[in-house]
Amino acid sequence: MEPSALTLTSLRLSTTCSTKFPRDQNQTNPPKSYAQIPKRSSGPVSKGLQKDSKKDLSRILRTDAAIKGIARKANSRKYTQLWPKAVLEALDEAIRENQWQTALKIFGLLRKQHWYDARCQTYTRLLVMLGKCRQPEQASLLFEILLSEGLRPTVDVYTALLSAYGQSGFLDKALSTLDDMKSVSECKPDVYTYSILINCCTKFCHFDLIGQILAEMSFLGIECSTVTYNTIIDGYGKAEMFELMENTLTDMIESETCLPDVFTLNTLVGAYGNSGQIEKMEKWYDEFLLMGLKPDIKTFNILIKSYGKAGMYEKMRSVTDYMEKRFFSPTTVTFNTVIDVFGKAGNIERMDEYFKKMKHQGIKPNSITYCSLVRAYSKVGLITKVDSILRQVENSDVILDTPFFNCIISAYGQAGDVKKMRELFLEMKERECKPDNITFATMIQAYNAQGMTEAAEKLVNKMIATKESTGTRLTGH
DNA sequence: GTCGGTAATC
């Protein structure tokens with residue numbers, strides 16, 4: 001019953017780095033308009049506008065019409081008299097949710113307020129968000145605005161800018177930012193800056209730079225922190241460079257200033273677990289516990305995923321049982337992991353069972369949950385179940401993203417339901433989800449599979465047209 | 001302002 005011999009035999013060694021660190025292929029061309037919003041001195045007071053409350057702003061953040069509303073306000077010269085609290089809280093929320101277009105629009109609105117006081121801290125938060133969203137060009141523009149406002153960038157600002165470049169793979173730009181920092185006396189790079197830089201290097205397989213960076217740090221008298229070590233360990237671990245990973249752990253322990261923490265534990269356990277080396281994973285887990293470290297919810301989620309991937313469902317179960325006994329509440333991630341494991345194994349019954357349990361425990365499914373479900377149903381040809389998921393999703397307030405639409409469009413495509421596919425494509429537009437290359441590729445493939453070559457060609461042209469219009473928007477104004 | 005856990009459709 002329990003297939004437990006799958007551990008090391010199913011180990012798949014990947015050949016190139018690029019397959020393991022897929023970059024975001026679907027970067028949309030962003031509007032640059034916010035950058036053009038001129039800072040205005042306070043205009044005429046328009047009384048009706050002050051009734052904008054925090055509630056209004058945060059509500060409209062969530063709806064399509066509202067984002068247009070914000071944009072309209074951001075572009076209108078009338079909206080210079082909003083309450084600070086409303087604008088600042090709306091900005092906070094947009095940043096927290098990584099809604100970068102909205103955040104930049106609100107920031108444009110903020111800059112027009114008569115009470116606006118330029119602060120580096122605001123810029124740092126925006127830059128960090130842009131880094132997360134892989135928007136290096138926007139980060140660059142934002143930095144220009146900061147300079148145009150006469151602000152002197154702080155170390156944080158520079159570090160966030162470096163991070164925004166590095167996370168998108170613009171390592172040359174990140175390095176030149178580092179050089180800029182070195183030339184400004186009060187903005188010297190510190191251990192944060194270097195840890196971030198190392199992280200970016202490993203994500204883009206520039207392991208050759210790690211040694212150089214560490215040498216430079218040592219030359220400048222900057223000591224590695226626990227985070228620095230964890231970052232390097234994670235980099236080697238994700239690249240399956242296990243020997244270097246363990247060597248780094250040894251360095252860390254020998255440094256005597258940086259002790260392994262729960263991040264180190266999770267990183268190592270995850271590296272071995274993800275590569276199917278269950279025995280090593282367990283060995284390190286036990287070892288870290290002996291060192292006195294305590295696992296957390298992420299540890300358990302990692303163990304569940306690793307056992308599930310290895311087909312060791314009994315062990316997976318023992319983790320969930322242990323969690324229950326120790327009152328570690330499962331999170332959305334826990335359920336998503338279990339659901340995905342059973343979905344990939346084609347075990348629809350158990351998958352459904354956990355989905356039910358998830359809802360029963362009051363844990364809200366998200367876009368990731370639905371992606372896994374749709375994929376699993378589609379794989380075994382249960383398209384009626386996909387219909388039911390779609391209905392559920394449409395009647396809920398779950399935020400649907402482009403990957404979800406791609407997933408469900410692909411499901412209907414594979415089922416040969418071209419009509420439904422088109423409907424969903426239109427629905428994407430209504431929900432302001434931008435179709436990306438994968439959306440188009442999925443639909444074109446489905447059309448071709450149905451022998452609808454004309455429709456496929458039409459879509460190819462549409463795709464090109466979309467690209468061009470975005471290009472125009474970029475260079476326009 | 002830094003490190004670890006979920007889906008990812010072509």
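Residue numbers begin at 1 in each chain, while the letters A, B, ... track the order of the sequences.
For B/dA8, one of the phosphate oxygens OP1 or OP2 lies less than 4.0 angstrom from a side-chain nitrogen or oxygen of A/Lys344. Proximity of A/Thr402 to the phosphate of B/dT9: no side-chain N or O atom is located under 4.0 Å from OP1 or OP2. Residue A/Gln414 places at least one side-chain N or O closer than 4.0 Å to OP1 or OP2 of B/dC10. Contact annotation: A/Lys305 side-chain N/O to B/dT6 OP1/OP2 distance is under 4.0 Å. For B/dA7, neither phosphate oxygen OP1 nor OP2 lies less than 4.0 angstrom from any side-chain nitrogen or oxygen of A/Arg375. The side chain of A/Lys309 places no N or O atom within less than 4.0 Å of a non-bridging phosphate oxygen (OP1 or OP2) of B/dT6.
Side chain of A/Thr124, nearest nucleotide from B/dT2, B/dG1, B/dT9: B/dG1. In this structure, the nucleotide among B/dT2, B/dG1, B/dA7 sitting nearest to the side chain of A/Ile368 is B/dA7. For A/Asn301, whose side chain is taken as the heavy atoms from C-beta onward, the closest listed nucleotide among B/dG5, B/dG4, B/dC10 is B/dG5. Set against B/dG4, B/dA7, B/dT6, the side chain of A/Asn336 has B/dT6 as its closest nucleotide. Here the side chain of A/Tyr192 is nearest to one of B/dT2, B/dA7, B/dG5, namely B/dT2. When distances run from any side-chain atom of A/Pro403 to the nucleotides B/dT6, B/dG4, B/dA8, the shortest one goes to B/dA8.
Within 3.5 Å, no donor on the side chain of A/Asp261 pairs with an acceptor on the base of B/dG4, nor the reverse. Remark: the A/Thr299 side chain and the B/dG5 base include no donor-acceptor N/O pair separated by less than 3.5 Å. Side-chain atoms of A/Asp296 stay outside donor-acceptor range of the base of B/dG5, with no qualifying N/O pair under 3.5 Å.
As rounded to whole Å, 14 Å separates atom P of B/dC3 from atom CG of A/Asn266.
Within the 4.0 angstrom heavy-atom criterion, only backbone atoms of the sugar-phosphate kind lie near A/Ser410; the bases stay farther away. Using a 4.0 Å heavy-atom cutoff across all strands shown, A/Val155 reaches at least one base atom of the nucleic acid. Counting any heavy atom pair closer than 4.0 Å across all strands shown, A/Thr331 reaches a base atom. Residue A/Leu127 is classed as having no contact, given no heavy-atom separation below 4.0 Å to the nucleic acid. When heavy atoms are screened at a 4.0 angstrom cut-off, A/Val262 is found touching base atoms of the nucleic acid.
In summary, A/Lys357 and A/Glu353 do not engage in a salt bridge, as defined by a charged side-chain N under 4.0 Å from a carboxylate O. Taking 4.0 Å as the cut-off between side-chain N and carboxylate O, A/Lys182 and A/Glu216 count as a salt-bridged pair. A salt bridge does not link A/Lys434 to A/Asp401: none of the charged side-chain nitrogens sits closer than 4.0 Å to a carboxylate oxygen.
Under the rule for a side-chain contact (heavy atoms from CB on, under 4.5 Å), the partners of A/Phe242 that lie at least two apart in sequence or sit in another chain are A/Glu240, A/Met245, A/Ala271, A/Tyr272, A/Ser275, A/Gln277.
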Name the atoms and distances for all side-chain donor-acceptor pairs under 3.5 Å in residues 384-391 of chain A, with sequence neighbours left out.
| from | atom 1 | to | atom 2 | distance (Å) |
| --- | --- | --- | --- | --- |
| A/Lys385 | NZ | A/Asp352 | OD2 | 2.9 |
| A/Asp387 | OD1 | A/Tyr412 | OH | 2.4 |

